[in-house]
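Everything below concerns the one structure shown next.
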Protein chains: 2
Amino acid sequence: MQQNKLRTVIVDDHPIVIEGLKNLLKNESNIELIGGFQNGADIMSYLELERVDLILLDITLPDVNGMDLCLKIKKKYRSVIVLILSNRTERSIVVQTIQNGASGYLLKNSSLDELRRCIAEAVKGGICYSKEVTEILSRPSRNELLAAPRLTKREKQILELIAQGKTSQAIGEELFLSPLTIDTHRKNLLQKFQVKNVAELIMSANQQNLF
Amino acid sequence: MQQNKLRTVIVDDHPIVIEGLKNLLKNESNIELIGGFQNGADIMSYLELERVDLILLDITLPDVNGMDLCLKIKKKYRSVIVLILSNRTERSIVVQTIQNGASGYLLKNSSLDELRRCIAEAVKGGICYSKEVTEILSRPSRNELLAAPRLTKREKQILELIAQGKTSQAIGEELFLSPLTIDTHRKNLLQKFQVKNVAELIMSANQQNLF
DNA sequence: TTTTTTCTACTGGTTTTTAGGTATTTTTCG
DNA sequence: CGAAAAATACCTAAAAACCAGTAGAAAAAA
């Protein structure tokens, strides 16, 4: 029940997104759009000059990380409401931004309704996620379920060589080891990754950014 | 020099981006925006009904890969101009879309000027990249020098199943084919990728964002 | 200094892949 | 329609990977 409109700014490195949001929000009765910025530095200096109530903030920015920026803003201007509007779906990012004081997290494919709902919730002091984000938060994210196996030095080294298409024979020669030893490491790698063969092994290692 | 406006559609999974583009383009004299779609299926069925001159296409879509969609569109409607508007900066993706018939590739943080310039160029039959994309293309990133091989439908399908760790036997059963046939496809895949075994195959396919 | 982990190497056997082909049928496209 | 591309299937044989164990030596951790 506030009589004054929320003085709102958008921070996103894509001019197209800024335009889109301006368009989507210009008919909202409780929102007054007062600016759009493409990087962290610009919004920080703007905050020195003007009062801002609500910031729609992207995670991916050219100069600073959106998570860090959120923390910086909240530290300096406690009363500003920060809503994250991002494409990033990593659980860790969502959690971190909320810890950094954000009042919500929406994916960019959220509907206008969701955005409205989250703004309303944030104004009341709550925290609000878009539907998909709730899902991300609820399931303990596959990446964390299949714990990345702890590999020994040797195993990492041999995994690399396997990925280069080398046979146990060739790897043995390269490392001055018996090919039978390499076979053992191979076996252990398959076991640790819980896969049946190298095809799956390499896929899994790739998904866990091991290369 | 055309008297009629370009009948233009936007395909992007983010409603916000669609809105933004609509806004940015609505004052363009040679463009008539006739639709916005959030997935591949919708635009394909729309194309059945209406004449479209220009498609602004995102790579990341919920149902299909934008690269494949581009190829599909160009195959069926040769005269449609497809401009890619994406956030993905991988060289392989840019190269692949151009090979698939796109007339240009812009990052989403391109300016309106760049977009205008690319549309003009595309209408003349040329190919146009935004500034940053040109940079991406100019540095030949070591392991992507090798042109991404053109795979047939079957080959893609079998590559997927190999990546899931399935044996020729199992794949044969799944597709109701002789395992010997799968072996042939396997052999062809290795040849096309110029690799010696599946380990290298999966690595290569991963580097080329085929999954 | 124990204890545990890692690295090494082996036996023996099975399954799968890879490397050369060839060849027919089916689809697609000009 | 005719040609080219794709998909199908086969042969032979070698090479490599995978499975299920065991086990001693070296290195690291408790």
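By convention in this document, chain letters (A, B, ...) are assigned in the order of the sequence lines, proteins followed by strands, and residues within each chain are numbered from 1.
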Side-chain donor-acceptor pairs under 3.5 Å in residues 169-183 of chain B, sequence neighbours left out?
residue: E174(B); atom: OE1; partner: K166(B); partner atom: NZ; Å: 3.1
residue: S178(B); atom: OG; partner: L180(B); partner atom: N; Å: 3.0
residue: D183(B); atom: OD1; partner: S168(B); partner atom: OG; Å: 2.9

Atom [atom1] of [X] to atom [atom2] of [N]: distance rounded to whole Å?
X: Q169(A); N: dT18(C); atom1: CD; atom2: P; value: 17 Å
X: Q191(B); N: dT17(C); atom1: CD; atom2: P; value: 18 Å
X: E173(A); N: dA9(C); atom1: CD; atom2: P; value: 14 Å
X: E200(B); N: dT18(C); atom1: CD; atom2: C1'; value: 13 Å

Locate the shortest heavy-atom distance separating [X] from [Y]; write the atom from each residue and the value.
X: L107(B); Y: R88(B); result: CD2-O, 3.7 Å
X: Y129(B); Y: V94(B); result: CE2-CG1, 4.2 Å
X: C70(A); Y: A102(A); result: SG-N, 3.7 Å
X: A41(B); Y: D63(B); result: N-OD2, 2.8 Å

_With the threshold set at under 4.0 Å for non-hydrogen atoms, list the residues of residues 150-164 of chain B touching DNA chain D in residue-number order._
T152(B), K153(B), R154(B)

*Which parts of residues 175-188 of chain A get close to DNA chain D, meaning a heavy atom less than 4.0 angstrom away?*
R186(A), K187(A)

*asked:* Going 5' to 3' along DNA chain D, between which two nucleotides do contacts with chain B fall, using a heavy-atom cut-off of 4.0 Å?
replied: dA6(D) to dC10(D)

*asked:* Tell me whether K131(A) is salt-bridged to E114(A), with the criterion being a basic N under 4.0 Å from an acidic carboxylate O.
replied: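 Salt bridge: no.
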
*Is K108(A) paired with D58(A) through a side-chain N to carboxylate O contact shorter than 4.0 Å?*
yes

Which residues satisfy the side chain to side chain contact (heavy atoms under 4.5 Å, CB included) test with [X], sequence neighbours excluded?
X: E48(A); answer: K76(A), Y77(A)
X: N197(B); answer: A199(B), E200(B)
X: R150(B); answer: none

*Is a donor on one side and an acceptor on the other found under 3.5 Å between the side chain of S45(A) and the backbone of D42(A)?*
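Pair found, side chain donor or acceptor close to backbone of D42(A).
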
*Judged by atom type as modelled, is there a donor-acceptor pair below 3.5 Å linking the side chain of D13(A) to the main-chain atoms of P62(A)?*
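Judged by distance alone, no pair lies under 3.5 Å.
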
*Bend angle of the helix from dT1(C)-dA30(D) to dG30(C)-dC1(D), from helix axes over five pairs at each end, nearest 10°*: 70°

_R116(A): salt bridge (Lys or Arg N to Asp or Glu O under 4.0 Å) partners, not counting sequence neighbours_ =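 Applying salt bridge (Lys or Arg N to Asp or Glu O under 4.0 Å) to R116(A) gives E28(A), D113(A).
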
Result block: side-chain N/O donor-acceptor pairs under 3.5 angstrom for residues 16-26 of chain B, not counting sequence neighbours:
residue: E19(B); atom: OE1; partner: N23(A); partner atom: ND2; Å: 3.4
residue: N23(B); atom: OD1; partner: K26(B); partner atom: NZ; Å: 2.8
residue: N23(B); atom: ND2; partner: E19(A); partner atom: OE1; Å: 3.3

Look for any protein N or O under 3.5 Å of an N or O in nucleotides 24-30 of chain C and output each such pair with its distance, or none.
none

*Do any pairs count as a salt bridge (charged side-chain N to carboxylate O under 4.0 Å, His left out) and have a residue in residues 151-160 of chain B, sequence neighbours left out, and if so which ones?*
D68(B)-K156(B), E155(B)-K192(B)

